[in-house]
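These numbers come from the heavy atoms of this one structure, side chains and all, not from hydrogens, waters or symmetry mates. Reminder, nothing fancy here: chain letters follow the sequence lines and each chain counts from 1.
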Number of protein chains: 2
Amino acid sequence: MSTVSKARPGGRSARIQEAVHDAVRSLQASSSRDAITVPLIAARAGVTPSTIYRRWGDLAALLSDVAADRFRTPESPAETGSLRGDLLAWAAQFIEEMGSTPGRGYIIDVVAGDSTGANTGACVNYARSALKEIFGRAPDAGLRDLEDALDRLVAPMMYRIIFDSDRIPSGYSTTLVERYLAAHPT
Amino acid sequence: MSTVSKARPGGRSARIQEAVHDAVRSLQASSSRDAITVPLIAARAGVTPSTIYRRWGDLAALLSDVAADRFRTPESPAETGSLRGDLLAWAAQFIEEMGSTPGRGYIIDVVAGDSTGANTGACVNYARSALKEIFGRAPDAGLRDLEDALDRLVAPMMYRIIFDSDRIPSGYSTTLVERYLAAHPT
DNA sequence: CCTCCAAAAGCAACTTCTTCGCGTTAAGGT
DNA sequence: ACCTTAACGCGAAGAAGTTGCTTTTGGAGG
């Protein structure tokens, strides 16, 4: 017996979880944030509200799970041929996506409804795996410290997105990357 | 006529706001997080629930305001006689307070219930004013860039507190301060 | 292949929270 | 002292959240 997450992927649990997640995403695409309620989601997913309450506890926890799923599939950062280019492109895209209104909303969903730390952890690992892949392409790969890069690149971006998203200067990601590279020359 | 925030400080609005805020703080001190409801707060504050709903909209917004208030009174950072000492002491205390279970909870309250950005903004200014005061004591005060210090000190601490609070290494604040000072020698 | 078991979903009644219209109160201006 | 307006109290109606019990379902063992 292998350590599959919960039940077989085709089991009833999995089907319902997917139906509910789909319902949330679908509502998020077409409704304003505070118009989304558990009974609404349940209706669209074809389940009863009590199912959702029993499995997730409350709306915040469900939204956190759904949002975290968006960060659970690590996408490969664009490959430009140089470390600087890869970092610049990745950081710019990070600010672009995460700093957008929906992006910021998903981040807040993850944080606000996460009781175990699993979802916030997934966010950090999402960033870690992207940086790891970029560093893996560079010749001095082994020398670069992921946590240091998180501190210098991801943390400032996240901080500004969460606390001051309206005043992020254009070129902010570039500033951070250049600052990082200056501290860790190739 | 002066531009007082809303009504006179002694007015009814102000009295009720304070009663409600006090009720929230009092409940937070004695109840678990998810046991706090609007009707409960209303009862303790001696107002009707509809007053709270009309003024704040929902529980999240109220909690955000209450939590932001904790960051609205800038406290003077300890004075140690040196820039390094001041920064080390301040950063250590920051991690200590904000990284604690209640501290993290207040941060998340601020973020989760803030629709206008006023409360997250207050958080950033809280950090800014502390750093500003510390820098103001140093001889090269004018040379130091507050935003740069936010990026290098506050952002990493906040990022770790929010996303990975269980795994913040001891001495993390020291690492960040030393790294900052190395980049900006006196 | 059939039967049994446990976990999870459905159902329905109940409680609690949230919204809203309307009358009342209180603060500030004339 | 009176008037205006913004905010609160009250109560009813509606929506959301909770819970015990029954039913379904997927997997395990015979």
Side-chain angles (χ1 to χ4, degrees), chain A residues 1-24 26-28 30-66 109 112-116, chain B residues 1-24 26-28 30-66 109 112-113 115-116 118:
Chain A
M1 168 191 158
S2 63
T3 53
V4 185
S5 59
K6 282 220 165 168
R8 301 280 278 282
R12 181 166 70 161
S13 275
R15 269 204 319 278
I16 285 187
Q17 159 159 345
E18 199 180 333
V20 171
H21 277 218
D22 284 348
V24 170
S26 146
L27 285 168
Q28 284 176 329
S30 63
S31 309
S32 88
R33 198 179 161 56
D34 53 353
I36 296 175
T37 66
V38 170
L40 243 179
I41 295 164
R44 175 166 304 215
V47 302
T48 63
S50 64
T51 296
I52 293 180
Y53 288 119
R54 274 201 242 267
R55 272 188 73 157
W56 283 277
D58 61 7
L59 177 62
L62 170 57
L63 293 182
S64 180
D65 280 1
V66 172
D109 283 345
D114 191 23
S115 54
T116 65
Chain B
M1 168 194 151
S2 63
T3 54
V4 184
S5 60
K6 282 218 168 174
R8 301 280 276 282
R12 183 167 69 161
S13 274
R15 269 202 317 278
I16 287 188
Q17 158 159 346
E18 199 182 331
V20 170
H21 278 219
D22 285 348
V24 170
S26 146
L27 285 168
Q28 282 176 330
S30 64
S31 309
S32 88
R33 198 178 162 54
D34 53 352
I36 296 176
T37 66
V38 171
L40 243 179
I41 295 165
R44 176 165 304 214
V47 301
T48 63
S50 64
T51 295
I52 293 180
Y53 287 117
R54 273 200 246 268
R55 272 186 73 157
W56 283 276
D58 61 7
L59 177 62
L62 170 56
L63 293 182
S64 179
D65 280 1
V66 173
D109 283 345
S115 55
T116 66

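Using a 4.0 Å heavy-atom cutoff across all strands shown, B:T37 reaches sugar-phosphate atoms only and no base atom.
In terms of polar N and O atoms assigned as donor or acceptor, the side chain of A:R12 comes within less than 3.5 Å of the base of C:dA8 in a complementary pairing. With hydrogens and angles ignored, a donor-acceptor pair under 3.5 angstrom links the side chain of A:S50 to the base of C:dC11.
Rounded to an integer number of Å, the gap from CD1 of A:I16 to C1' of C:dA9 is 6 Å. To the nearest angstrom, P of D:dA6 lies 19 Å from CZ of B:R15. In this entry the distance linking CH2 of B:W56 with C1' of D:dC8 reads 12 Å, nearest Å. Residue A:I52 contributes atom CD1, which lies 18 Å from atom P of D:dA15 at whole-angstrom precision. Regarding A:Y53, its OH atom lies at a distance of 14 Å from the P atom of D:dA15, rounded to whole Å. Residue B:D34 contributes atom CG, which lies 13 Å from atom C1' of D:dG17 at whole-angstrom precision.
When all heavy atoms of A:P39 and A:P49 are compared, the closest pair comes out as CA-CG, 4.2 Å.
Between A:P39 and A:R54, the one whose closest nucleotide on DNA chain D sits nearer the 5' end is A:P39.
Annotation: the span from B:R33 atom CZ to B:L63 atom CG amounts to 6.5 Å, rounded to 0.5 Å. Here the CG-CD distance, from A:D22 to A:Q17, works out to 10.0 Å after rounding to the nearest 0.5 Å. Atom CG of B:D58 sits about 9.0 Å away from atom CG of B:L62, to the nearest 0.5 Å.
Here A:T51 does not reach the OP1 or OP2 of C:dA9: none of its side-chain N or O atoms lies under 4.0 Å away.
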